[in-house]
Amino acid sequence: MADLLGSILSSMEKPPSLGDQESRRKAREQAARLKKLQEQDRQQKAEFRKRMEKEVSDFIQDSGQVKKKFQPMNKIERSILHDVVEVAGLTSFSFGEDDECRYVMIFKKEFAPSDEELDSYRRGEEWDPQKAEEKRKLKELAQRQEEEAAQQGPVVVSPASDYKDKYSHLIGKGAAKDAAHMLQANKTYGCVPVANKRDTRSIEEAMNEIRAKKRLRQSGEELPPTS
């Protein structure tokens, strides 16, 4: 009997010490706080979603509004709003560089934004339809002018004055290329024409004059003037 009782007592767990009891108490308190925070988070999300559903509903019923800009939200809130907008059949976009400054804009389907409008919001600018229309017209005009210029071909520029007339006192009336066509080749290649010589005397006359000058130098007489 004593052996049986001893075996039973030895198999039973020992009572927790004071340290184990404190650890378990802290663990239970931490679990309770975590559960409470999770419940508060779910409740806050539900309340936020309910508020967004009302704002989106009011936006749909207001015929004077085609778009609506919300205040900056965190990532979770933006995700909830995007979901509400999708369920309502609208279009939504997020804009802003920093996560803390990002905001959501919603649009009615029939007034969905153009690419130019979205680019304007992404740049942090206000959308001005009138300026956008003027910019579009200028772009179309420039494109038409380019197409017309391409069809007409290269532009021929005509100078206001002819350089030949301006510099005629230097280069003459005829251009070098045109003057070259008027040149005539010599009949005897390599020989200078008689017309181009300064001295028109014949070779025989020139030789006779040279011999006469030589004889005069030898005889010491003066050379009579030539006609």
Side-chain angles (χ1 to χ4, degrees), residues 16 18-155 157:
L18 293 177
D20 293 338
Q21 290 179 354
E22 183 67 17
S23 299
R24 291 180 182 179
R25 184 183 66 79
K26 290 181 178 180
R28 287 195 298 269
E29 290 177 355
Q30 185 177 2
R33 285 196 299 269
L34 180 60
K35 184 177 180 181
K36 185 177 180 180
L37 291 174
Q38 290 175 344
E39 183 63 26
Q40 290 177 351
D41 184 63
R42 284 194 295 268
Q43 186 177 356
Q44 290 176 355
K45 289 179 180 178
E47 292 176 355
F48 178 80
R49 184 181 185 91
K50 187 176 181 180
R51 188 168 70 252
M52 292 298 100
E53 288 176 347
K54 183 179 185 308
E55 291 192 24
V56 171
S57 177
D58 294 341
F59 168 72
I60 294 175
Q61 295 175 9
D62 188 353
S63 59
Q65 275 190 310
V66 298
K67 60 184 178 182
K68 180 178 175 64
K69 179 180 177 180
F70 290 83
Q71 294 296 323
M73 305 175 182
N74 58 45
K75 186 175 181 179
I76 296 177
E77 291 174 341
R78 293 197 305 271
S79 177
I80 294 173
L81 178 55
H82 284 305
D83 185 61
V84 172
V85 171
E86 184 178 0
V87 172
L90 305 178
T91 304
S92 62
F93 297 91
S94 293
F95 303 103
E97 296 295 334
D98 300 331
D99 187 66
E100 296 179 355
C101 299
R102 285 184 71 81
Y103 62 92
V104 176
M105 287 190 69
I106 63 176
F107 303 82
K108 293 180 179 179
K109 286 287 187 181
E110 58 271 25
F111 299 100
S114 62
D115 293 338
E116 292 81 4
E117 184 175 357
L118 292 177
D119 291 338
S120 178
Y121 294 138
R122 293 189 181 102
R123 293 192 301 267
E125 302 173 356
E126 292 294 332
W127 171 248
D128 190 338
Q130 183 176 359
K131 290 183 178 179
E133 181 64 18
E134 293 176 356
K135 185 177 180 181
R136 185 187 63 80
K137 290 181 179 179
L138 290 175
K139 185 177 180 180
E140 291 180 354
L141 178 60
Q143 185 175 359
R144 287 199 301 269
Q145 291 177 348
E146 291 180 359
E147 293 176 354
E148 292 176 357
Q151 293 176 358
Q152 293 176 359
V155 179
V157 179

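Here the structure is a predicted model, which is why all the values come from computation and not from measurement. Note: hydrogens, waters and symmetry copies are ignored here, and every other heavy atom, side chains too, is used.
Residues R122 and F95 are in side-chain contact: their nearest non-hydrogen atoms beyond the backbone lie under 4.5 Å apart. Using a 4.5 Å heavy-atom threshold, the side chains of K69 and Y121 count as separate. Proximity of F59 to L90: side-chain heavy atoms (C-beta onward) are separated by under 4.5 Å at one or more points.
The environment of E47 atom CD is dense: over 12 non-hydrogen atoms of other residues, nucleotides or ligands sit within 6.0 angstrom. Counting heavy atoms of neighbouring residues, nucleotides and ligands inside a 6.0 Å radius, atom CD of E86 does not exceed 12 of them. Enclosure of atom CD in Q71 is not indicated, since only 12 or fewer non-hydrogen atoms of other residues, nucleotides or ligands lie within 6.0 angstrom. Dense packing is recorded around CD of E140, with more than 12 heavy atoms of other residues, nucleotides or ligands lying under 6.0 Å away. Within 6.0 Å of atom CD in Q30, 12 or fewer heavy atoms from other residues, nucleotides or ligands are found, so the atom counts as exposed in its surroundings.
A salt bridge between E29 and R25 is present, with a side-chain N of the basic residue lying under 4.0 Å from a carboxylate O of the acidic one. The pair D119-R123 does not count as a salt bridge, with every side-chain nitrogen at least 4.0 angstrom from each carboxylate oxygen. Between K67 and E117 a salt bridge is recorded (basic side-chain N to carboxylate O distance below 4.0 Å). A salt bridge links E53 to R49: one of the charged nitrogens lies within less than 4.0 Å of a carboxylate oxygen. In summary, E39 and R42 engage in a salt bridge, as defined by a charged side-chain N under 4.0 Å from a carboxylate O.
Considering all non-hydrogen atoms of both residues, S120 and E126 come closest at OG-O, 3.5 Å. The two residues V56 and V84 make their nearest non-hydrogen contact at CG2-CG1, 4.0 Å.
Here CD of E77 is found 9.0 Å from CD of Q44. Values are rounded to the nearest 0.5 Å. Atom CZ of F70 sits about 5.0 Å away from atom CG of L81, to the nearest 0.5 Å. Summarising the geometry, atom CG belonging to D62 is positioned 6.0 Å from atom NZ belonging to K108; distances are rounded to the nearest 0.5 Å. The distance from the CD atom of Q43 to the CG atom of D41 is 10.5 Å, given to the nearest 0.5 Å. One finds the NZ atom of K45 at 4.5 Å from the CD1 atom of I76 (value rounded to the nearest 0.5 Å). Here the straight-line distance linking atom CZ of R78 with atom NE2 of H82 works out to 7.0 Å at 0.5 Å rounding.
Ring planes of F107 and F93: perpendicular class, angle over 60° (limits at 30 and 60°).
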